[in-house]
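In what follows, a structure is listed as structure tokens, so that the remarks can point back to it.
Values below: every heavy atom of this structure, side chains too, minus hydrogens, waters and symmetry copies. Note that this is a predicted model, so its numbers are computed, not measured. Residue numbers begin at 1 in each chain, while the letters A, B, ... track the order of the sequences.
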Amino acid sequence: MGRYDELMSLSLRKGFLIPSAEIYGGLAGFYEYGHNGARLLRKWEDLWIEYFLGLGENYHLIDSSSVLPYSALEASGHVDLFTDILIYCTKCKEAHRADQLIEAVTGTSGEGMDAAQVKDAIMDNDVRCQRCGGTLGEPVPFNIMFPLSIGPRGEEKAFLRPETAQGAYLSFPREFEILRKRLPLGLAIVGRVYRNEISPRQGTYRMREFHQAELQIFFDPETFERGLDLREVEDVSLRVVREEDRERVAERTVIELLDEGDLPAFYLYHLAKVQEFYLDALQVPQDAFRLYELNQAERAFYNRIHFDVQVRMDSLGGFREVGGVHYRTDYDLTRHAEHSKKRMEVFHQGRRFIPEVLELSFGIDRNIWALLDLDYDIGKKAVLHIPVRLAPFTCAVFPLLNRGGLPEMARRVYREIRRWFDTLYDDSGSIGRRYARMDEIGTPYCLTVDHESLEAEDLTLRERDSTDQVRVSVGELRPTLTRLLEGSIRFENLQVGG
RNA sequence: GCGGCCGUAGUCUAGCGGUCAGGACCGAGGCUUCCCAAGCCUCUAGCCCGGGUUCGAAUCCCGGCGGCCGCACCA
């Protein structure tokens, strides 16, 4: 079995993923999270929120609608720019993008044409299939957004949101006002988005309904950098792949990159923070992480600077995008100002301007897939070495034996600590089998009540990654697990007992 | 969306016109053992869906759905 199949098999078997509407044969591009996957998803989101809201004093979580009116997405550019006119060859079935086809034949841009114009252009120039010379069919518009009709007669046109970012832009004026007109202002949204992908594939890597976590930082370009503690990151070595050298990761410190002059300090600061999130919080190995710069042709026209966050996924053949750091300038707010006729200018420190936006954007599902890929060690026994904070369950309680009062004590401990930690109870099978079950879903700590426990009012605490054990008194359990969870103590530094 | 390959218990897989559709792992119950998937016994559970061909279809044909790969697409 290949790595992809191994991971998918485990994900299905252990309650991480479920194909949507599975009993009806499934629905391409949609997956659900099972009982372990849902916890992992939640915990990833919690960790993301904690980390990224922590980047600023004025950064906040909001929650916005999945349905947006036509007008808002017209303003954002999604209606026009995400519509491609496709033409299929009637002979070889090859799909062509009309704008590219027309440009190739006539030398003039076919961008912005509607289907009728495309058809005329095709006829006038006798355009034929670029591959086989066959006759071309009818041009068909394709937009990646899911259209909706609202109301009893469907008179209101709308779309499911293709990104969470728009919610932040739409709420910016009110939040800016309520938050006392301070900049920078960060608005984070974590939620589901929808794109009608032509060919969803590769598990949860490309879905039609997926989760995004995005932070939009609205800032004053003249003062943003003054508020950032650049010294904190200046010696951080960033793992970047620059536009000029796609062949290798260049390890360059923030200071070095700053000296080169083409990337502003505020941007480098946030690249460093994103890297820190991956290396420290998510514990992604250094060599599995990189920041990949997109060139002008690859990035959206409104992005002045764009690095993709990439993580190596062996199941998908190498480095793949899991997020992006986008300097969107004032494009979004300017567009919404023009279309809504609402004032997006702010008066800040004596000047009037439209704030610029730095977007930190992450696809949650592909991040989770990447973590499973990096952390699933499938040897003789499968062990998910996921960070403690992300594990679906933090601990499990077992009686060593199913008699002699051990189950009673184990259940007592279980009922107590499940109030504080995500905890499982298991008394089925041998003790080794129970440890193995927990390893497979990444539970970092197992607590076993044995003979001595009854007398000493303690139990053994076993760590997933080392399989080492220490004795901990029942009274010390909560503070000990709390410290392990928050990382203020390491397992190997616990007093070895028993 | 096009093309290729594929679809058998929860997972992996054997069977490829007539089989009680076989096995392994997981899971459940029992005996036993007790700190890393021990052993033994028992059990649950399957041919993606719909048509067709045939005396008879998991097996052949058609359509659908789904998966992987390639092409295209990925703001």
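Distances from the side chain of A:Ser199 to the nucleotides B:rA72, B:rU33, B:rC35 place B:rA72 closest. Residue A:Leu400 has its side chain nearest to B:rC34 when only B:rA37, B:rC34, B:rA72 are considered.
Per the geometry, CZ belonging to A:Arg434 stands 12 Å off P belonging to B:rC36, to the nearest Å. We find that CD of A:Glu440 is positioned 9 Å from C1' of B:rA37, with the value rounded to whole Å. Taking atom OH of A:Tyr205 as the reference point, atom P of B:rC69 lies 13 Å away to the nearest angstrom. One atom, CZ of A:Arg13, and another, P of B:rG27, lie 9 Å apart when rounded to the nearest Å. If you take CG of A:Asp427 and P of B:rC35, they are 17 Å apart, rounded to a whole angstrom. Here B:rC25 presents its C1' atom at 16 Å from NZ of A:Lys381, a figure rounded to the nearest Å. Residue A:Leu12 contributes atom CG, which lies 11 Å from atom C1' of B:rG67 at whole-angstrom precision. Atom CG in A:Leu401 sits about 15 Å away from atom C1' in B:rA38, given to the nearest Å.
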Given A:Asp365 and A:Tyr31, is the side chain to side chain contact (heavy atoms under 4.5 Å, CB included) satisfied, shown in steps? CA-CA 10 Å; A:Asp365 313 273; A:Tyr31 276 91; over 6 Å; no
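For the pair A:Val383/A:Arg464, a side-chain contact is recorded, criterion being any heavy-atom separation below 4.5 Å from C-beta on. A heavy-atom distance below 4.5 Å is not found between the side chains of A:Leu424 and A:Tyr414.
The residue A:Ser9 sits close only to the backbone: its heavy atoms come under 4.0 Å of sugar-phosphate atoms, none of a base.
At a cut-off of 3.5 angstrom, the base of B:rC74 holds no donor-acceptor pair with the side chain of A:Glu197. With hydrogens and angles ignored, no donor-acceptor pair closer than 3.5 Å exists between the side chain of A:Arg462 and the base of B:rC35.
Side-chain polar atoms of A:Arg192 and A:Thr164 form no donor-acceptor pair below 3.5 angstrom.
Across all strands shown, B:rC71 pairs with B:rG1; the Watson-Crick or G-U wobble distances both stay below 3.5 Å. With both pairing distances under 3.5 Å, B:rG66 is matched to B:rC6 as a Watson-Crick or G-U wobble pair. In this structure, B:rC31 and B:rG39 make a Watson-Crick or G-U wobble pair, each of the two defining distances being under 3.5 angstrom.
Rounded to the nearest Å, the gap between the P atom of B:rA14 and that of B:rA72 is 34 Å. B:rC2 and B:rU19 have their P atoms separated by 38 Å, given to the nearest Å. Taking atom C1' on both B:rG22 and B:rG15, the two are 8 Å apart, rounded to the nearest angstrom. Taking atom P on both B:rC6 and B:rU59, the two are 14 Å apart, rounded to the nearest angstrom. For the P atom pair drawn from B:rU44 and B:rG50, the interatomic distance equals 25 Å after rounding to whole Å. The gap from the C1' atom of B:rG7 to that of B:rG46 amounts to 13 Å, rounded to the nearest Å. If you take atom C1' in B:rG10 and the same atom in B:rG27, they sit 8 Å apart, rounded to whole Å. Between B:rA57 and B:rC47, the two P atoms lie 16 Å apart (nearest whole Å).
The number of heavy atoms from other shown groups lying within 6.0 Å of CZ (A:Arg246) is above 12.
Shown are A:Thr467, A:Thr443, A:Thr448; of these, the side-chain hydrogen bond (donor to acceptor under 3.5 Å, both in side chains) with A:Tyr435 is made only by A:Thr448. Across A:His336, A:Arg161, A:Gln216, A:Glu214, a single residue satisfies side-chain hydrogen bond (donor to acceptor under 3.5 Å, both in side chains) together with A:Gln166, and that is A:His336.
At B:rC68, one or more side-chain N or O atoms of A:Tyr4 fall inside 4.0 Å of OP1 or OP2 (strictly under the cut-off). Between B:rC69 and A:Gln202, a contact under 4.0 Å exists linking OP1 or OP2 to a side-chain N or O. Phosphate contact (OP1/OP2 of B:rC36, side-chain N/O of A:Thr467, threshold under 4.0 Å): absent. Using a 4.0 Å cut-off, no side-chain N or O of A:Arg437 falls inside it from OP1 or OP2 of B:rC36. At least one side-chain nitrogen or oxygen of A:Ser428 sits closer than 4.0 Å to the OP1 or OP2 atom of B:rA28. The shortest distance between the side-chain N/O atoms of A:Arg433 and the OP1/OP2 oxygens of B:rC26 is below 4.0 Å.
Closest-nucleotide positions on RNA chain B for A:Thr448 and A:Leu27 were compared, and the one nearer the 5' end corresponds to A:Thr448.
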